[in-house]
J.: 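The structure under discussion is supplied below as structure tokens; questions concerning it will follow.
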Amino acid sequence: MGAAFVDFDNDGWQDFFLVNGRLYPQVDTVPRSTRYLEPKLLFLNQRDGTFRNVSRQVGSALEIPEVSRGAAMGDLFNDGRIEAVVENLVGEPMILRPEGGPQNHWISFLLEGVKCNRLALNARVRTTAGGLVQVGEVLSGGSYPSQHDLRIHFGLAKHERVERAEILWPNGAKETLTNLAADRFYVLREGQGVVSNKAPEHSVKSP
């Protein structure tokens, strides 16, 4: 029902998060391992083409069995960390926020189209930070029925700068930016380059 590749720890490698929940409660009457209420799952990128299930190691919230119907990813608090918002069939939505772990660097891009569509949907950004090369695309939608943050977010691990960022706009136009400081939000307007670059104004602590 909800799935996304997302770099929760900003190490430059996307992890895999998914939420589930069967369609009909009658599934519980059938002798099988799956149930109507299901936990959420997080798979950590092992950087070798494989993923490791760490769902039971990252907090009890993921283990709560629920019927989840969608998940949206985004930096809700504008502090450089990506949260997951889970919509459940019963009860309130759940916000899952990464806490602890290494304090890795990151960079975020909001693209504004001028000649192409205003939201710059399907525009791509390719960044190079040391030996770390990543590609992101502005996508509409997400999982059922959810909309991810339209900003492109890259974890940078220990890299403090992006040496090169190449933007491919939906109409085929290309732009290249160099020497961008990490831990900032960049607004890029088609044909004008960077029109704003801000560091987070505050940090948010969990209750």
Side-chain angles (χ1 to χ4, degrees), residues 4-15 17 45 71-86 93 95-142 146-171 173-207:
F5 285 97
V6 57
D7 185 1
F8 282 118
D9 56 2
N10 284 332
D11 67 350
W13 293 79
Q14 291 193 334
D15 309 304
F17 177 75
N45 195 320
M73 308 296 141
D75 185 351
L76 296 183
F77 304 107
N78 293 322
D79 63 354
R81 288 178 178 251
I82 299 297
E83 284 78 33
V85 180
V86 181
I95 297 176
L96 298 172
R97 175 175 169 78
E99 294 286 355
Q103 298 299 309
N104 290 320
H105 296 291
W106 54 273
I107 196 167
S108 179
F109 298 97
L110 174 64
L111 275 61
E112 297 180 352
V114 176
K115 295 182 179 180
C116 69
N117 65 86
R118 180 67 175 79
L119 296 178
L121 297 177
N122 299 121
R124 295 182 180 181
V125 177
R126 183 178 188 268
T127 60
T128 301
L132 187 61
V133 179
Q134 301 178 76
V135 177
E137 183 173 350
V138 182
L139 297 173
S140 63
S146 309
Q147 169 64 59
H148 298 317
D149 194 337
L150 289 176
R151 292 175 293 186
I152 298 178
H153 178 99
F154 295 116
L156 299 177
K158 300 305 179 183
H159 301 287
E160 297 181 353
R161 311 195 76 77
V162 166
E163 288 90 19
R164 185 179 180 88
E166 301 167 87
I167 301 93
L168 176 62
W169 297 95
N171 57 12
K174 297 180 180 180
E175 294 182 52
T176 300
L177 305 172
T178 58
N179 195 30
L180 301 176
D183 305 326
R184 288 182 176 273
F185 298 96
Y186 290 86
V187 179
L188 311 180
R189 187 168 297 150
E190 183 182 7
Q192 301 178 34
V194 177
V195 296
S196 175
N197 61 333
K198 294 183 178 181
E201 297 180 357
H202 63 279
S203 60
V204 177
K205 296 183 179 179
S206 61

J.: Regarding Asn171 and Glu190, do their side chains bring together a donor and an acceptor under 3.5 Å, going by distance alone?
T.: yes
J.: Tell me whether Ser146 contacts the main-chain N or O of Ala71 through its side chain, where contact means a donor paired with an acceptor under 3.5 Å.
T.: yes
J.: If you count heavy atoms of other groups shown closer than 6.0 angstrom to NZ of Lys158, is the number above 12?
T.: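 Above 12, so yes.
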J.: Among Asp7, Asp11, Asp183, which residue satisfies the side-chain hydrogen bond (donor to acceptor under 3.5 Å, both in side chains) criterion with Trp106?
T.: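 Only match with Trp106 under side-chain hydrogen bond (donor to acceptor under 3.5 Å, both in side chains): Asp183.
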J.: First locate atom OG1 of Thr127, then atom CG of Leu177, and finally report the distance between them rounded to the nearest 0.5 Å.
T.: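 Atom-to-atom, Thr127:OG1 and Leu177:CG are 11.5 Å apart.
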J.: So which atom in Phe185 and which in Gly80 form the shortest heavy-atom distance, rounded to 0.1 Å?
T.: CZ-N, 4.1 Å
J.: Below 4.5 Å, heavy atoms only, C-beta onward: do Arg97 and Phe77 meet side chain to side chain?
T.: yes
J.: Mind listing the closest non-hydrogen atom pair of Gln14 and Asn45 along with its distance?
T.: O-ND2, 2.7 Å
J.: Any idea which heavy atoms bring Glu175 and Gly193 closest together, and the distance?
T.: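 That closest heavy-atom pairing would be OE1-N, 3.4 Å.
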J.: Is there a side-chain contact between Arg124 and Ile152, using heavy atoms and a 4.5 Å cut-off?
T.: no
J.: Show your working on side-chain contact (heavy atoms from CB on, under 4.5 Å) between His153 and Asn10 and close with a plain yes or no.
T.: CA-CA 9 Å; His153 178 99; Asn10 284 332; 2.8 Å; yes
J.: Do the side chains of Trp169 and Leu111 get nearer than 4.5 Å, heavy atoms only?
T.: yes
J.: On a heavy-atom basis, which atom in Gln147 and which in Leu139 lie closest, and how many Å separate them?
T.: NE2-O, 3.6 Å
J.: Looking at side-chain heavy atoms only, is the closest gap between Leu96 and Phe8 below 4.5 Å?
T.: no
J.: Tell me the closest heavy-atom pair linking Leu150 and Val138, and the distance in Å.
T.: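 Closest heavy-atom pair between Leu150 and Val138: O-CG1, 3.9 Å.
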J.: Would you call the rings of Phe154 and Phe109 parallel, tilted or perpendicular if under 30° counts as parallel and over 60° as perpendicular?
T.: perpendicular
J.: Could you walk me through whether Glu83 and Asp75 pass the side-chain contact (heavy atoms from CB on, under 4.5 Å) test, one step at a time?
T.: CA-CA 6 Å; Glu83 284 78 33; Asp75 185 351; 4.1 Å; yes
J.: Can Asp79 and Arg81 be counted as an ion pair, charged N to O under 4.0 angstrom?
T.: no
J.: Going through the checks in order, is the side-chain contact (heavy atoms from CB on, under 4.5 Å) test met by His105 and Glu160?
T.: CA-CA 6 Å; His105 296 291; Glu160 297 181 353; 3.5 Å; yes
J.: Do you know which two heavy atoms are closest between Cys116 and Pro170, and how far apart they sit?
T.: SG-CD, 3.6 Å
J.: Decide side-chain contact (heavy atoms from CB on, under 4.5 Å) for Asn78 and Arg151; before the verdict, give the C-alpha distance in whole Å, the side-chain angles of both, and the deciding distance to 0.1 Å.
T.: CA-CA 11 Å; Asn78 293 322; Arg151 292 175 293 186; 2.8 Å; yes
J.: If we check side chain to side chain contact (heavy atoms under 4.5 Å, CB included) with Tyr186, which of these qualifies: Val162, Asn197, Val195, Leu110?
T.: Asn197
J.: I need the Arg161 CZ to Ile107 CD1 distance, nearest 0.5 Å.
T.: 9.0 Å
J.: Among residues at least two apart in sequence or on other chains, which ones pass salt bridge (charged side-chain N to carboxylate O under 4.0 Å, His left out) with Arg126?
T.: Glu166
J.: Just how far is it from atom CD of Glu112 to atom CG of Leu119, taken to the nearest 0.5 Å?
T.: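 Taking CD in Glu112 and CG in Leu119, the distance rounds to 9.5 Å.
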J.: Quick check: Phe5 with Trp13 (ring centres under 6.0 Å apart)?
T.: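 Between Phe5 and Trp13, which both carry aromatic rings, the centre distance is not below 6.0 Å.
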